[in-house]
Amino acid sequence: MARKPDEPLEMLGGKKKLSPMELEYMRYIWEHPDGISSEEIYEHFPQVRGTKSTVLYNISQKGYVEKRQEGLHHIYTALVGRMEYEQALVRQQLQRSVGISSLEELVAAFCGKEMLTEEQKEKIRKFLEEMKKDAESGESVD
């Protein structure tokens with residue numbers, strides 16, 4: 001039976017989902033926000049060099065990393081953050097499993113309502129903005 005192609009991640013502009021091995025490589029790249037050389041990546045993973053090159057090429061083609069040449073090596077820098085990718089996966093899973101495509105719909109369903117009022121939606125947006133600012137500043141929410 002042929003494998004069904006993954007749906008694109010709408011939240012990420014239609015980027016294709018990463019394979020398990022590509023995700024493993026991306027996790028390593030995410031640990032190096034200023035970029036990491038191809039040689040360092042090659043040293044970290046056990047696959048043969050050709051497989052490593054193919055995985056990095058695929059990640060680049062899917063638009064998850066920027067690749068620039070420095071001497072004999074390429075430097076890979078993430079274009080999509082880890083949290084951003086995980087949020088896109090969760091949103092896609094919610095849409096696929098229960099038909100919910102927004103946080104407002106999820107909160108309404110959780111509270112047993114069909115829909116939220118505009119005022120309730122605005123409160124949620126403000127709350128999320130505060131949470132994002134806290135996360136960016138490194139503050140913990142108690």
Side-chain angles (χ1 to χ4, degrees), residues 1-116 118 120-142:
M1 184 166 163
R3 184 176 176 271
K4 195 169 81 173
D6 286 326
E7 297 171 33
L9 297 171
E10 296 302 322
M11 189 176 163
L12 297 178
K15 285 181 176 40
K16 292 181 180 178
K17 185 178 169 184
L18 295 168
S19 72
M21 187 180 294
E22 291 166 349
L23 182 55
E24 193 178 325
Y25 278 64
M26 274 306 299
R27 285 187 176 129
Y28 190 62
I29 293 168
W30 283 322
E31 291 175 11
H32 302 86
D34 295 329
I36 184 167
S37 75
S38 53
E39 203 53 42
E40 289 176 89
I41 295 170
Y42 291 164
E43 289 173 7
H44 183 78
F45 291 97
Q47 295 84 12
V48 296
R49 191 172 187 94
T51 300
K52 296 173 198 182
S53 295
T54 299
V55 171
L56 290 171
Y57 174 80
N58 290 343
I59 292 170
S60 179
Q61 286 301 110
K62 288 181 177 181
Y64 287 97
V65 293
E66 173 185 62
K67 176 176 75 169
R68 70 180 189 280
Q69 185 82 36
E70 273 190 21
L72 298 175
H73 306 290
H74 288 103
I75 304 298
Y76 291 87
T77 308
L79 294 173
V80 174
R82 182 179 193 148
M83 185 67 71
E84 188 180 5
Y85 181 74
E86 290 172 357
Q87 287 173 342
L89 289 177
V90 168
R91 182 173 279 179
Q92 183 184 55
Q93 185 63 34
L94 278 171
Q95 176 65 38
R96 191 180 305 139
S97 61
V98 290
I100 293 174
S101 61
S102 71
L103 180 63
E104 289 91 353
E105 289 178 46
L106 178 63
V107 171
F110 185 75
C111 296
K113 297 177 83 172
E114 288 278 329
M115 295 182 352
L116 298 177
E118 285 304 314
Q120 291 167 330
K121 289 179 185 179
E122 187 58 33
K123 284 181 181 179
I124 291 171
R125 283 187 209 107
K126 286 181 181 178
F127 175 71
L128 291 173
E129 286 175 24
E130 287 177 30
M131 295 283 289
K132 187 175 182 179
K133 286 179 187 173
D134 288 348
E136 289 170 354
S137 69
E139 293 179 26
S140 63
V141 179
D142 295 324

Distance check, rounded to the nearest 0.5 Å: [X] atom [atom1] versus [Y] atom [atom2]?
X   : Y   : atom1 : atom2 : value
I29 : E40 : CD1   : CD    : 11.0 Å
L18 : L9  : CG    : CG    : 8.0 Å
L12 : Q87 : CG    : CD    : 9.0 Å

Looking at [Y], is its backbone amide N or carbonyl O close enough to the side chain of [X] to form a donor-acceptor pair, meaning the two atoms are under 3.5 Å apart?
X   : Y   : result
Y64 : K16 : yes
W30 : V80 : yes
K62 : K17 : yes
K52 : F45 : yes
Y76 : I41 : no
E24 : M21 : no
H73 : Q69 : no

Any carboxylate oxygen within less than 4.0 angstrom of a Lys/Arg side-chain nitrogen, looking at [X] and [Y]?
X    : Y    : answer
R49  : E39  : yes
R125 : E122 : yes
K126 : E130 : no
E10  : R91  : no

Taking every non-hydrogen atom, the tightest pair across [X] and [Y]:
X   : Y   : answer
S60 : K67 : OG-CB, 4.3 Å
M26 : A78 : CE-CB, 4.1 Å
E22 : I59 : O-CD1, 3.5 Å
G14 : P8  : O-CB, 3.3 Å

Less than 4.5 Å apart, any side-chain heavy atom of I75 and any of V65?
-> no
All ring-ring contact (aromatic ring centres under 6.0 Å, His included) counterparts of F127, not counting sequence neighbours =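 Counting only residues at least two positions away or on another chain, F127 forms no ring-ring contact (aromatic ring centres under 6.0 Å, His included).
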Show your working on salt bridge (Lys or Arg N to Asp or Glu O under 4.0 Å) between R68 and E70 and close with a plain yes or no.
-> CA-CA 7 Å; R68 70 180 189 280; E70 273 190 21; 3.2 Å; yes
Test Q47 against Y25 for side chain to side chain donor-acceptor pair (under 3.5 Å), laying out the working first.
-> CA-CA 11 Å; Q47 295 84 12; Y25 278 64; 2.8 Å; yes
